[in-house]
Amino acid sequence: MFILLVIIIVVVGAGYLGFAFYQRRTIKMATSVYESKKELNKIPLDDEFALAKKMNLTGESKKKYGQLHDKYQHYQNQMLPDIEQQIKTVKADGKGINFIKTRNDWQKANQTIKTADTTLKEIQAGLAQLYDLNKQHQHAVSELEKKYQHLREDILNENASFGPSIDGLEKMLADIEGTFDKFTKLTKSGDPSSADEVLTDLNAATDKLEDYMKRIPKLFASLNKEFKAQLDEIQTGYTELRSKGYQFPNDHFDVELAQLQDQIDNNLDLLTKLKVEDVTAANAKMAAAIDRLYAALDDEFKARPQVEKRTGMLGEYIKHVRRQNDDLAKRLQVLNESYVLNHQEIEDNHQYDRQITGLEREYRRQVDDMNAGEAVYSQINATQKKMMTDLKELENAQKALFSSIIDLPEKEQAAREALRKFDLAMRNKKRRIDNQNLPGLPDSYQNSFASVIREINQLDEDLNKAHVNIDDVSKQVIIIQADMDTLEERTGQMLDNANLAEQTIQYANRYIGSNPEIASASVKAQNYFEKQYDYAKSLKTISEALENQSTGAFSKIKKDYLAAKKSRGNVKPTAEDAENDD
């Protein structure tokens with residue numbers, strides 16, 4: 001019972017403390033709303049409305065002022081009373097225990113104050129704009145008045161520089177000043193909003209006038225002085241060069257000069273109408289056309305001395321290449337009687353001749369035009385430069401062709417010398433073989449020997465033809481030399497095998513009576529030697545049997561043989577000999 005009483009007391013106490021805390025918090029919330037409301041009163045809109053009213057606004061500005069004033073009245077008559085009522089509601093809610101309602105009322109009051117604050121700031125900004133526009137326009141009136149005074153003075157003082165545009169510029173300035181008067185009246189009457197719209201157009205028109213006044217003098221100067229002087233200079237230069245025999249490609253100087261003069265008149269007419277952009281574009285095209293005419297005069301003037309200096313040299317160069325090609329043709333004719341020319345040498349020479357003929361024809365035409373006073377030197381200059389390049393290429397081609405045929409007799413002589421050496425070498429080879437008194441030669445060796453003989457005979461036949469094909473015989477020499485080297489190696493190997501087989505059989509005879517293996521090997525070796533002419537197999541058969549009977553015996557026989565061979569100055573041991581030595 002006692003414990004229950006304590007719990008009741010604690011719960012009641014806690015509830016009392018919570019309620020007391022809530023009331024304190026509610027009072028604080030109400031106070032914060034009130035303080036926020038007090039901040040609204042710090043914005044001095046009454047003073048600002050009084051200041052704006054003194055501006056004696058009219059028109060759109062007065063209408064805008066009325067709208068701002070209505071919004072301010074709404075703020076004072078409705079929004080402020082609502083805020084007062086909501087503050088009272090928050091304070092009243094604090095005496096009860098409905099926490100949720102109290103918080104909702106507090107949030108609603110705060111939102112209303114924010115809306116009111118926004119409204120006041122919008123009103124204040126609108127009033128400031130009216131005041132600032134009025135102030136700006138009053139300043140603009142003063143500044144524009146000074147600017148137009150300067151513009152009038154500039155037009156008056158520099159009227160000559162504007163040429164036919166002067167009347168248009170004066171009218172443009174007069175129209176602007178009329179707009180300026182309208183702007184001034186609106187500003188003084190207290191309608192800054194309408195005046196601001198006029199000011200935008202006024203500034204655009206003024207900027208355009210100032211731009212024209214800067215650009216027109218340059219455009220007029222180009223048309224009235226620069227272009228006319230240039231056209232006169234071009235006409236004078238053209239007339240003088242024509243009197244000295246100069247010609248021009250597609251000569252339309254008179255027509256182009258007349259067209260440019262007409263364009264000057266047309267552009268001056270456009271300036272009268274203040275078509276500044278059109279004149280700017282047209283002047284740029286005229287400048288480019290005048291530059292082309294100057295370039296045409298300059299090209300011909302500079303080209304003539306170059307052509308006159310090069311013409312004599314070019315003529316000599318053509319003669320030189322012609323003589324060289326004729327000499328080449330004669331040499332080819334002689335060589336063609338003895339050799340097969342299978343690289344289109346004669347066709348190439350004929351092609352060179354046709355090219356030279358074309359160059360000669362073009363050169364004569366140029367000289368005739370110059371003598372007749374009808375030469376277009378810039379064109380001739382370009383053509384002569386290409387002709388010099390073509391002649392250089394022709395000369396190099398002639399040299400290359402000459403180099404390819406000049407050594408044909410020398411190559412023929414070298415092939416004949418090789419044929420003589422091949423023939424002598426084969427005779428010596430046959431003599432070496434005959435001196436060995438061999439019972440016969442292997443079929444494969446005889447075939448190789450006969451093949452080389454056929455190759456040598458074919459070379460001899462080809463060298464004795466009416467027209468020698470140097471390319472072909474040169475290839476034959478290379479092939480025969482390779483086959484000769486191979487045959488020489490086989491010959492040396494065959495003779496070495498035969499000599500060694502013969503010596504080894506003789507040495508092995510001492511073991512025939514005591515060694516059946518050697519006796520049998522000796523019979524086989526002699527059969528390979530005398531019947532089959534397979535000296536390598538004969539040597540292999542008897543040498544292996546001898547080594548089985550007496551190790552090192554064959555090696556000594558071979559070593560003594562090679563030493564004796566070397567002392568006689570015979571051919572070096574073959575690769576197989578060296579391998580067997582190992």
Side-chain angles (χ1 to χ4, degrees), residues 418-460 476-509 512 518-548 552-582:
L419 174 64
R420 185 188 68 77
K421 290 180 179 180
F422 293 155
D423 183 67
L424 179 62
M426 292 301 287
R427 291 176 186 277
N428 289 337
K429 204 179 305 298
K430 186 176 185 305
R431 190 177 299 112
R432 283 173 59 200
I433 295 171
D434 291 343
N435 289 340
Q436 291 291 320
N437 294 316
L438 298 175
L441 298 175
D443 290 342
S444 61
Y445 180 82
Q446 291 189 71
N447 291 337
S448 297
F449 194 95
S451 176
V452 172
I453 291 296
R454 286 194 298 272
E455 291 174 352
I456 292 173
N457 290 337
Q458 183 63 52
L459 176 62
D460 180 57
Q476 289 184 52
V477 169
I478 294 172
I479 293 171
I480 294 172
Q481 184 62 63
D483 291 344
M484 287 280 292
D485 292 342
T486 301
L487 184 63
E488 177 59 28
E489 184 177 353
R490 292 189 62 184
T491 301
Q493 186 67 64
M494 181 185 70
L495 294 179
D496 287 342
N497 288 339
N499 289 329
L500 281 169
E502 200 169 27
Q503 291 181 21
T504 305
I505 291 172
Q506 291 174 1
Y507 183 84
N509 283 340
I512 290 177
I518 290 183
S520 175
S522 179
V523 173
K524 291 180 180 178
Q526 287 179 356
N527 181 60
Y528 287 136
F529 192 95
E530 295 175 356
K531 302 292 179 61
Q532 299 183 30
Y533 316 134
D534 192 341
Y535 305 116
K537 206 166 188 179
S538 175
L539 175 60
K540 186 176 186 297
T541 301
I542 191 62
S543 64
E544 289 178 352
L546 182 59
E547 281 294 309
N548 291 336
F554 175 70
S555 296
K556 185 174 186 311
I557 293 172
K558 183 176 181 180
K559 184 176 181 181
D560 291 343
Y561 169 76
L562 293 176
K565 180 180 178 181
K566 184 177 181 181
S567 66
R568 293 194 301 270
N570 288 346
V571 181
K572 294 181 180 179
T574 63
E576 185 176 342
D577 292 332
E579 183 179 345
N580 290 337
D581 279 341
D582 294 340

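Side chains are part of it too, since the values below use all heavy atoms of this structure and drop only hydrogens, waters and symmetry mates.
To the nearest 0.5 Å, atom CG of residue L562 and atom CD1 of residue I557 are 12.0 Å apart. Atoms NZ and CG, on K558 and D496 in that order, are 9.0 Å from each other to the nearest 0.5 Å. Atom CG of N428 and atom CD1 of I433 lie 11.0 Å apart (nearest 0.5 Å). Separation of atoms CG (L424) and CG (L419) is listed at 11.0 Å; rounding is to 0.5 Å. Between atom CD of residue E488 and atom CE of residue M426 there is a gap of 10.0 Å, rounded to the nearest 0.5 Å.
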Please list, one pair per line, the donor and acceptor atoms closer than 3.5 Å that link side chains of residues 498-506 to other protein atoms, with sequence neighbours excluded.
unit_1, atom_1, unit_2, atom_2, d
N499, ND2, Q436, OE1, 3.4
N499, ND2, L495, O, 3.2
N499, ND2, Y561, OH, 3.2
T504, OG1, L500, O, 2.6

Can I get a per-line list of side-chain donor-acceptor pairs under 3.5 Å for residues 523-531, giving both atom names and the distance, sequence neighbours left out?
none

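Across every non-hydrogen atom of E547 and S555, the tightest pair is OE2-N, 3.6 Å. Considering all non-hydrogen atoms of both residues, F554 and L546 come closest at N-CD2, 4.1 Å. Closest approach of I518 to I542, counting heavy atoms only: O-CD1, 4.4 Å. Annotation for M494 and Y535: closest pair CG-CD1, 3.9 Å, computed over non-hydrogen atoms.
Side-chain atoms of N548 and E544 include no donor-acceptor pair closer than 3.5 Å.
Summarising the local packing, NZ of K429 is surrounded by more than 12 heavy atoms from other residues, nucleotides or ligands at distances under 6.0 Å.
Sequence neighbours left out, the pairs with a member in residues 440-460 that pass side-chain hydrogen bond (donor to acceptor under 3.5 Å, both in side chains) are S444-R490, Y445-T491, S448-R490, Q458-D462, D460-N464.
With a 4.5 Å cut-off on side-chain heavy atoms, F422 and L459 count as touching. Between K540 and N497 there is no side-chain heavy-atom pair separated by less than 4.5 Å.
Exactly one of D483, D485, I479 qualifies for a side-chain contact (heavy atoms from CB on, under 4.5 Å) with Q481. That residue is D485.
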